[in-house]
Structure formats: structure tokens, C-alpha cells
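One structure is given here, and the rest of the page talks about it.
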There are 2 protein chains.
Amino acid sequence: MNSLPLSQLCSKLEVTFSDLTLLKAAFTHSSFRNEHKREHMKDNERLEFLGDAVLELCVSQYLFQALPDAPEGELTRMRSTIVCESSLVAAARNLDFPRYLRLGKGEELSGGRERPSLVADVFEAFIGALFLDQGLHVVEQFMTRHFYPRIEIVGERLHRDYKTMLQEYVQKQNLGVLMYDIIAERGPAHDREFVAQVMVGGTLWGEGVGHSKKEAEQNAARKALHR
Amino acid sequence: MNSLPLSQLCSKLEVTFSDLTLLKAAFTHSSFRNEHKREHMKDNERLEFLGDAVLELCVSQYLFQALPDAPEGELTRMRSTIVCESSLVAAARNLDFPRYLRLGKGEELSGGRERPSLVADVFEAFIGALFLDQGLHVVEQFMTRHFYPRIEIVGERLHRDYKTMLQEYVQKQNLGVLMYDIIAERGPAHDREFVAQVMVGGTLWGEGVGHSKKEAEQNAARKALHR
């Protein structure tokens, strides 16, 4: 399989590179470089090292600002869920990154273009190249357009855990009955909002708002856990 | 012990903060906040989360640019040696950070002001606050002035390992005699430079330059290892 031209990727992503060798390196696997030793090209391993740190910072700042009341432990937990191989692979595939990758013949034959670790590395390397060439601000814009909208799913999964966590806590500490109540519904039909309360042993422990009953309950459970 | 005023720290470090509450939070331990709950102040835990990622990126970029030929594995190893508790503590103490920290009474009595983990956290939190208030570029300037000049010591320790690593490799692979030679000395007495060669089994494996014979040999060993 021949890789697609990077100029096409740039126009699709609406990003520009001053130094195209950086972009080229980000999409060059070491197996391809090894097959073209005479050309002295660079592969994406060092860019991946840098991009990993850039991603970590971007997501940290995003969470820091999106969740102004979340304690440090929660931020750390969410960051490691968001900056994980599977979410990087999903983002890279969504942008067709694997099709632009220059891969050695052996790697190609053994399915390297589909291998998650390899695909995640390309995403990190691209972020590293974009950071070097255009700075942190442009990386943030890229993430806002192509990455953060996708992590809501991850956030949802995390929230789903709060009810379980609260239940486990209440049972362990023998605190009595755990009860959720939807105490209000408001707003127009297309933008409905629900307010949930969670009671533990007859006492109000938390209140939460959400666009579904489930989400409202999850937020109430989260508040209760932070109590 | 009363903490020193932060205005003094700012003028000493030649940094300015637009939002002084960020700086204040960076130097507020949770134990102090717990003792002043009515005042709704912030502590440094969330800033430490952010600062940790800022530091990681700064040091990654520094290494990426300082060592243009180092493979990814070496960059990763060096980064984890540099961004470790002991180096953060050393940098924080060198800048008198512990004296500006607001600490709860219990923590103060149990020696919290000297505790390495706590001191390292203050350094990270300060970096986080500086990043939020002044951006990555100002953090880089701060690091260049107050952090990177100190890591040469760490670098030196790392380099010292190359000779050991090469020796282990040569023995393991049964490659024969390992020999170092100083093949040249040059420059004036106050800025003397040495050139070392390392031979393995009679073949030249690497050449290195340094301001001491030892450093030149270490660099030669590093080159040999990269071969």
C-alpha cells in the first residue's frame, strides 16, 4: 500500500507546516527509514517522545480548566484515561492518519498499519511535530477541533463509575439506604435538564444536574463522593 | 515559622504575576487551607498536577534540542532522571521556596517544611502557576535561568554510566579487549580540550571530546554505544 501525500492531510486538517521535514518524519516509521538508509531521513521516534509530553500538558490544562472543582486525584485519573493508547488510536484513525504513514515492507506485510501501538505513536509524533513547528497554541486549536470533542465518550464512561463507587462506599461503611430522586425537570424539550438528589441513610449527600436522568444522578453521586 | 512575603520572591526571581492568587495558591499547602476554611483559599494540589505536565514538556523539549542525535530511549531515560523528586527539591531549596510556603501548624511541627515530597510539590505548583499566568515561554525562561544550569550535574552522572554500559556490552558479547586512548589535547590551559578514542577488539568504535580526559572517554563510549 502506498501512503497518501501529506499535502492532502494538511489541507484536510487546515494546518500548515513551515518545516515539512518535521511532518514527513512524524509519518515515517523506523522500518521505512531502515529500508532507505542512504537517504538519511528521520523517523518518528524522537517526535513521539516530545509529542507524548505535549499531549500530556494539553489534556492536563484542558481538564484543569474544564473541571475547576475537581481535586488533583480526579484530574490525574481522568488524564490517564484520556491519554491512553486506545483514545489516541481512535483519534488517529478518525483522521485517517494510518493511510499517510510510510512503513517498511516487512511491517506492512505483518499488519503494522493497523497495529494500535504504531498508530498511537503516529498521533503523538504528529503532535510533537506540530508543536515544534507551530507552537503550543496551534496544538491546542488542533486538539479542540479533533480530539476533545471525542473524549466526551470517555468522560461519560468515567461518570458512569461514580454511582458504582458511591454504592460500594455506602455498603462498605454500612451507612444505610442509598436513594436517587429526580427533583426537577426544566428547559425546552430539545434541551431538557434534570436535577437529581442522592440521599444516604435519609440525609442529602449531593445534588447533580444533567441532560439525562442518568447523567444528573451520576453528577449527584460525584458530589456525594467529594463530600 | 512565618512564611516570607511572595512579593520578595517575585522580585528575586524577576518574574511578575498578573494573578497573584495563583502564586499564593502555589505556596499554600492543603494543611494551611484546612486550618483557614472560612477564607475559601486554594491550595497547591491542582497546580501541582498541571505543573508536573509543564515541567515534563519543558525538559522534553530541552533534551530534544540539546541532544539532536540521541535516540528516543535515551531521551526518556534522561528525562526521568531530571524530572525526579530530588532534582526538584534541590532546585526549590536553591531558590528558598520552602521559606515562602504557608503550612498548617501540625505539618510545621512534624517537619513538613523540610519534607522532600512536599518541597518538590511546591516547585511543580509554582511552575503550574507561572504557566497559567505567563505562558510556556516565560516558564522556559525561568527554567533556563534556574533549572537547566543545575542539571549538568545530573548529566555528568549519566555520562559516567556510558563507560560501564559499554564494558558490560563488550563482555557480554565477548568482543575482546576494550581500550581508551587520548589521541589529542588542544586549546589553552584554562579551556583545555581532550580527544579520546575507544577501541574494541582492535577496531575503532568511537571518538569523543571533553574538557577532561574522563569526559572525553565518556563521550567516546557513548558514541560507541550508539554505533
Side-chain angles (χ1 to χ4, degrees), chain A residues 21-22 25-26 28-30 33-34 40 42-80 82-83 117 121 124-125 127-140 226, chain B residues 21-22 25-26 28-30 33-34 40 42-80 82-83 117 121 124-125 127-140 226:
Chain A
T21 61
L22 279 171
T28 303
H29 188 255
S30 56
R33 184 182 54 76
N34 285 334
H40 294 292
K42 296 204 167 175
D43 64 32
N44 64 9
E45 289 186 353
R46 281 166 48 89
L47 286 170
E48 180 224 325
F49 161 83
L50 185 64
D52 171 68
V54 177
L55 265 175
E56 195 88 356
L57 175 57
C58 283
V59 173
S60 299
Q61 193 182 5
Y62 174 81
L63 291 172
F64 187 94
Q65 279 158 352
L67 304 168
D69 298 319
E72 179 270 332
E74 191 183 339
L75 296 173
T76 303
R77 209 164 48 243
M78 291 194 76
R79 181 174 63 189
S80 67
I82 292 167
V83 190
S117 63
D121 288 352
E124 290 184 329
I127 293 291
L130 191 60
F131 170 72
L132 279 181
D133 197 72
Q134 301 282 315
L136 191 61
H137 187 59
V138 172
V139 175
E140 278 163 3
H226 287 164
Chain B
T21 61
L22 279 171
T28 302
H29 188 255
S30 57
R33 184 181 54 74
N34 284 334
H40 295 290
K42 297 203 165 173
D43 64 33
N44 65 8
E45 290 186 354
R46 281 167 48 90
L47 286 170
E48 180 224 324
F49 162 83
L50 185 64
D52 171 67
V54 177
L55 265 174
E56 196 88 356
L57 174 57
C58 284
V59 173
S60 299
Q61 192 181 5
Y62 173 81
L63 290 172
F64 187 94
Q65 280 158 351
L67 305 168
D69 299 318
E72 179 270 334
E74 190 183 340
L75 296 174
T76 303
R77 210 167 45 245
M78 291 194 76
R79 180 174 62 189
S80 67
I82 291 167
V83 190
S117 63
D121 288 352
E124 291 184 329
I127 293 293
L130 191 61
F131 170 72
L132 280 181
D133 198 73
Q134 302 283 315
L136 191 62
H137 187 60
V138 171
V139 174
E140 280 163 1
H226 287 165

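Within every chain, numbering begins at 1; the chains are lettered A, B, ... in the order of the sequence lines, protein sequences first and strands thereafter.
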Exercise. If only atom types and distance count, is the side chain of B:R46 paired as donor or acceptor with the main-chain N or O of A:A70 below 3.5 Å?
Worked result: yes

Problem set entry | Nearest-0.5 Å distance, CD of residue B:E48 to OG1 of residue A:T76 | 8.0 Å

Exercise. Where does B:D43 contact chain A at under 4.5 Å (heavy atoms): side chain, backbone, both or neither?
Worked result: neither

Problem set entry | The single option from A:D52, A:L57, A:V54, A:L50 passing side-chain contact (heavy atoms from CB on, under 4.5 Å) against B:S60 | A:L50

For this session: Could you tell me which portion of B:L47 (side chain, backbone, both or neither) has an atom closer than 4.5 angstrom to a non-hydrogen atom of chain A?
Result: both

For this session: Report the distance from atom CD of A:Q65 to atom CG of B:L132, rounding to the nearest 0.5 Å.
Result: 6.5 Å

Exercise. Chain A heavy atoms under 4.5 Å from B:L136: which part of the residue, side chain, backbone, both or neither?
Worked result: side chain

Problem set entry | Choice from B:E45, B:E56, B:R79 maximising heavy atom contacts with chain A below 4.5 Å | B:R79

